[in-house]
Amino acid sequence: MKKLQNDFFEQVYAVVRLIPEGRVTSYGAIARYLGTAKSSRMVGYAMNASHHALPVVPAHRVVNRNGLLTGKNHFITITAMQEALESEQIKIVNDEVIAFKTLFWDPNIELEL
DNA sequence: GTAATGACCTTGG
DNA sequence: ACCAAGGCCATTA
């Protein structure tokens with residue numbers, strides 16, 4: 001343990017923490033930005049470990065490609081994610097981000113290497 | 001040690 | 001356009 005995945009996790013956390021307030025992104029976008037486009041699943045796993053990660057990672061701003069709050073179940077409470085997003089003026093209906101396409105924040109585009 | 005699962009995405013039919 | 005399968009890699013059983 002304590003290997004490269006730690007760095008990978010840190011990179012994921014770093015990108016997630018860079019997400020502007022009121023914006024959302026997808027696992028694939030982050031994965032692609034890190035160069036691990038095919039390991040998008042690991043990004044989600046990283047999020048799972050983000051709970052004990054410091055500083056606090058705004059995992060609620062990370063949703064799947066569908067804009068669906070797939071990881072709400074993994075939060076402290078299933079409503080925590082939605083409330084957190086709503087707290088940032090992001091409307092959530094049926095566990096889905098409204099205007100997700102508009103609020104979508106792609107590190108590959110916004111950060112643009 | 002092997003097998004199955006998972007906060008997903010891309011490609012093929 | 002919709003449905004099915006594959007891939008990727010770490011964690012858990």
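Source: prediction; values computed, not measured. Convention: sequence-line order gives letters A, B, ...; per-chain numbering from 1.
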Considering only side-chain heavy atoms of A:Y45, which listed nucleotide, B:dA7, C:dA10, C:dC8, is closest?
-> C:dA10

Could you give the distance separating C:dG6 and B:dA4 at their P atoms, to the nearest angstrom?
-> 15 Å

To the nearest angstrom, how far is A:F9 atom CZ from B:dG6 atom C1'?
-> 12 Å

Before accepting this row, confirm whether a basic side-chain N of the pair A:E10/A:R17 lies closer than 4.0 Å to the acidic partner's carboxylate O.
-> yes

Length of the line joining A:F8:CZ and C:dC8:P, which is rounded to integer Å = 14 Å

Between NE2 of A:H74 and P of B:dC8 the distance, given in whole Å, is 8 Å

Flag side-chain contact, heavy atom, 4.5 Å: A:N64 against A:F100 | no

Contact class for A:A59 (heavy atom, under 4.0 Å): base, sugar-phosphate, or nothing?
-> base

Atom-pair distance (CE on A:M47; P on B:dC8), nearest Å | 12 Å

Looking only at N and O atoms, is any donor in the side chain of A:S40 or the base of B:dC9 less than 3.5 Å from an acceptor on the other one?
-> no

To the nearest Å, how far apart are A:R32 CZ and B:dC9 P?
-> 10 Å

Rounded distance (Å) that lies between atom P of B:dG6 and atom CZ of A:R41 = 9 Å

Are a donor atom and an acceptor atom from the side chains of A:N108 and A:D106 found within less than 3.5 Å of each other?
-> yes

Please report, rounded to the nearest Å, how far the C1' atom of B:dC8 is from the CZ atom of A:F104.
-> 13 Å

So what does A:N48 touch, heavy atoms closer than 4.0 Å: a base, only the sugar-phosphate, or nothing?
-> base

A:T70 side-chain proximity, nearest of C:dT11, C:dC8, B:dC8 = B:dC8

Quick one: A:Q11 CD to C:dA10 P, roughly how many Å, whole number?
-> 14 Å

Determine the Euclidean distance between corresponding P atoms of B:dT5 and C:dA5; express it in Å to zero decimal places.
-> 16 Å

Are A:R65 and A:F104 in a cation-pi setup, meaning NZ or CZ lies under 6.0 angstrom from the ring centre and within 45 degrees of the ring axis?
-> yes

Nearest-nucleotide pick for A:M42, side chain only, options being C:dC8, B:dT10, C:dA10 = C:dA10

Scan A:S26 against the nucleic acid and name what it touches under 4.0 Å (heavy atoms): base, sugar-phosphate only, or nothing.
-> sugar-phosphate

Nucleotide nearest A:Y27 when distance is taken to its side chain, options B:dA7, C:dC9, B:dT10 | B:dA7

Atom CE in A:M81, atom CD1 in A:I90: separation rounded to 0.5 Å?
-> 9.5 Å

When you get a sec, tell me which of C:dC8, B:dC9, B:dA7 is the closest nucleotide to the side chain of A:R65?
-> B:dC9

